[in-house]
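Please read the structure below before turning to the comments.
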Amino acid sequence: MSPAGQDVWVHVEHLKGRVAGHTYELLGKGREIADALAGRLIAVLVGSGVRPLAETLAADGVLYVEDAGLAEYTPGSHAAVMRALVEKEAPRAVLFGATSMGMDLASVLAAALERPLIVNCVNLQVRDGRTVATCQMCGGKLLCEAEASGPVVVTVMPGSFPAEAGLAKSPPPVEAVPMPATLETVGMRAIRLLEPEPGDVDITKSAVLVAVGRGIQRQDNIPLAEELAGALGGTVCASRPVVDQGWLPMSRQVGKSGMMVKPKLYLALGISGAPEHAEGMKDSDLIIAVNSDAKAPIFDIADYGIVIDMYDLLPALTQALQGRKA
Ligand SMILES: Cc1cc2nc3c(=O)[nH]c(=O)nc-3n(C[C@H](O)[C@H](O)[C@H](O)COP(=O)(O)OP(=O)(O)OC[C@H]3O[C@@H](n4cnc5c(N)ncnc54)[C@H](O)[C@@H]3O)c2cc1C
């Protein structure tokens with residue numbers, strides 16, 4: 001058996017009885033890293049009554065910690081458990097999703113154990129025995145490389161790797177670990193899960209979304225996008241700044257703190273493509289981006305891109321589409 005010190009651990013994120021999709025992406029990539037380090041790939045599942053989720057995880061083993069006090073996620077309780085496990089087993093790398101939950105846990109764990117923390121990673125490899133991560137900076141405008149020769153904690157951007165390799169073909173061995181930490185000392189408890197109101201329209205059900213970002217500039221301009229959406233038989237949605245301004249309701253927000261959408265067409269108007277936005281729409285069947293900045297990161301995930309001032313395009317495009325219908 002390989003020494004535990006070379007093992008790669010993947011934190012299994014789950015909510016409402018479902019494993020978050022990016023966990024499978026981490027397991028797929030984690031397998032490559034574990035093989036390169038000659039270690040094992042271990043999934044770490046923490047919660048209450050979520051043992052069946054372990055069966056879907058492609059790993060050499062699953063460490064399962066079960067306790068009623070872990071039923072609702074709080075950073076304090078789940079980090080206390082992760083910390084106790086990592087302290088005992090000393091894996092080489094611990095991978096988390098770069099999500100609200102993963103960022104919470106990874107930062108607390110790295111600080112508590114004085115391990116280096118590499119964040120917003122979009123690629124990961126082993127080079128000469130070192131863990132090398134390519135990471136996004138400045139909302140995805142810059143990429144940097146960070147490397148660690150010893151134990152490390154890493155957060156990985158969802159959508160960076162394919163998920164298929166992380167889905168188990170047969171159930172992995174599961175080790176039920178007795179509760180390794182005391183939760184009494186943790187001064188935080190979950191009261192309830194707040195989810196965005198579906199509101200007037202459920203944008204997750206729309207096949208065509210016309211998304212507006214800060215580039216729309218003024219609330220008065222939103223009807224231009226609504227007209228275009230009408231001509232396409234779609235719905236208007238938005239990036240967070242537009243919602244923060246109160247120009248559209250929260251129910252229309254796409255991204256990390258909004259809705260996850262997967263329409264047939266996602267037309268992004270004046271949206272830069274920050275990771276928090278991309279997280280909610282990158283799996284759309286077809287992405288068309290309109291942006292005046294040729295270097296906007298949205299073009300990295302778009303199938304088609306148009307570098308143009310949207311106001312030179314919108315009225316003519318709407319007119320052409322309306323004309324086609326007439
Ligand atoms: C914890 C956390 C959660 C977050 N959650 C979300 C979330 O759920 N959803 C979300 O969207 N963001 C979220 N954000 C914010 C996110 O980081 C970005 O700030 C946001 O997505 C940027 O929105 P934007 O692209 O509209 O604006 P900007 O980044 O300002 O981009 C505006 C774009 O418009 C272009 N533009 C300007 N004028 C024109 C024109 N006339 N024609 C064409 N293009 C033009 C510019 O070139 C630019 O690329 C979150 C951030 C944090 C920290």
Side-chain angles (χ1 to χ4, degrees), residues 13 15 20-22 73 75 96-107 119-120 122 135-142 155-159 194-199 203-204 209-225 228 235-263 266-284 287-302 304-318:
E13 184 167 328
L15 189 66
H22 71 267
Y73 169 77
F96 292 88
T99 59
S100 308
M101 193 186 289
M103 287 189 284
D104 258 4
L105 292 174
S107 52
V119 298
N120 296 341
V122 290
C135 308
Q136 286 187 346
M137 292 173 69
C138 302
K141 291 191 173 69
L142 295 176
T155 69
V156 179
M157 298 299 296
L194 287 177
E195 292 184 276
E197 292 285 329
I203 58 170
T204 64
L209 287 175
V210 174
V212 293
R214 209 191 315 254
I216 196 82
Q217 293 167 7
R218 294 196 317 267
Q219 187 168 20
D220 299 353
N221 290 332
I222 291 198
L224 285 175
L228 176 58
T235 308
V236 171
C237 63
S239 67
R240 181 164 158 174
V242 173
V243 172
D244 284 350
Q245 297 275 358
W247 297 347
L248 282 169
M250 176 69 196
S251 51
R252 304 288 182 109
Q253 183 177 316
V254 172
K256 180 190 276 298
S257 41
M259 300 290 192
M260 310 294 276
V261 296
K262 197 178 176 303
Y266 192 87
L267 177 56
L269 305 172
I271 292 181
S272 61
E276 294 83 3
H277 184 80
E279 192 177 322
M281 47 64 77
K282 65 179 173 12
D283 292 328
S284 304
I287 300 172
I288 302 178
V290 178
N291 199 300
S292 50
D293 176 5
K295 295 200 171 124
I298 190 78
F299 290 127
D300 297 339
I301 53 168
Y304 296 97
I306 311 163
V307 180
I308 192 170
D309 184 320
M310 71 166 97
Y311 298 105
D312 291 339
L313 178 73
L314 246 54
L317 181 59
T318 306

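Indexing begins at 1, ligand by ligand and atom by atom, following the structure's order. Only this structure's heavy atoms are used, side chains among them; waters, hydrogens and symmetry mates stay out.
- Of all the atoms in ligand 1, the ones that sit under 4.0 Å from a non-hydrogen atom of Gly258 are 8 (O).
- In this structure, the side chain of Asn221 engages the main chain of Ile216 through a donor-acceptor pair within 3.5 Å.
- Close N/O approach between Lys256 and ligand 1 is found [any backbone or side-chain N/O within under 3.5 Å].
- Which of Ile271, Asn291, Ile216 comes nearest to atom 49 (O) of ligand 1 through a heavy atom is settled by distance: it is Asn291.
- Against a heavy-atom cut-off of under 4.0 Å, Gln217 is close to the following atoms of ligand 1: 38 (N), 41 (N).
- Summarising the contacts of atom 27 (O) of ligand 1 with Met250, Met281, Arg214, Met260, the nearest heavy atom is found in Arg214.
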Residue pair Tyr73, Asp104: steps toward the side chain to side chain contact (heavy atoms under 4.5 Å, CB included) verdict: CA-CA 11 Å; Tyr73 169 77; Asp104 258 4; 2.8 Å; yes
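- The heavy-atom pair separating Val307 from Ser292 by the smallest distance is CG1-O, 3.7 Å.
- For a threshold of 3.5 Å applied to N or O pairs, the pair formed by Gly270 and ligand 1 contains at least one separation below that value.
- For the pair Val254 and ligand 1, the shortest N or O to N or O distance falls below 3.5 Å.
- Contacts between Ile308 and ligand 1 below 4.0 angstrom, taking non-hydrogen atoms only, involve the backbone exclusively.
- In the vicinity of Gly255, heavy-atom distances shorter than 4.0 Å reach the ligand 1 atoms 7 (C), 8 (O), 9 (N).
- Around atom 17 (O) of ligand 1, the closest heavy atom drawn from Gln253, Lys295, His277, Glu276 belongs to Glu276.
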Give every donor-acceptor pair under 3.5 Å between a side-chain atom in residues 238-246 and any protein atom, sequence neighbours left out.
{"unit_1": "Arg240", "atom_1": "NE", "unit_2": "Asp244", "atom_2": "OD2", "d": "3.4"}
{"unit_1": "Arg240", "atom_1": "NH1", "unit_2": "Ser257", "atom_2": "OG", "d": "3.3"}

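- The structure places CG of Leu15 at 6.0 Å from CE of Met101, a figure rounded to the nearest 0.5 Å.
- Distance check: Thr155 OG1 to His22 NE2 gives 10.0 Å after rounding to the nearest 0.5 Å.
- Nearest to atom 23 (O) of ligand 1 by heavy atom, out of Gly213, Pro241, Ala274, is Pro241.
- Residue Ala225 comes nearest to Leu269 through the heavy atom pair CB-CD1, 4.4 Å, listed as atom of the first residue, atom of the second, then distance.
- Using a 4.0 Å cut-off to heavy atoms of Ser239, the atoms of ligand 1 that qualify are 11 (O), 23 (O), 24 (P), 26 (O).
- Using a 4.0 Å heavy-atom cutoff, Gly280 is absent from the residues neighbouring ligand 1.
- Between Met310 and ligand 1, at least one N/O pair is under 3.5 Å apart.
- Of all heavy-atom pairs between Ala302 and Ala289, the closest is CB-CB, 3.8 Å.
- Panel note: side chain Arg252, backbone Val236; a donor-acceptor pair is recorded below 3.5 Å.
- A donor-acceptor pair is defined here as one N or O able to donate and one able to accept, closer than 3.5 Å; such a pair exists between the side chain of Thr99 and the backbone of Gly102.
- Taking every non-hydrogen atom of Ser257 and a distance limit under 4.0 Å, the qualifying atoms of ligand 1 come out as 3 (C), 4 (C), 5 (N), 6 (C), 7 (C), 8 (O).
- Counting heavy atoms closer than 4.0 Å to ligand 1, residue Glu279 contributes nothing at all.
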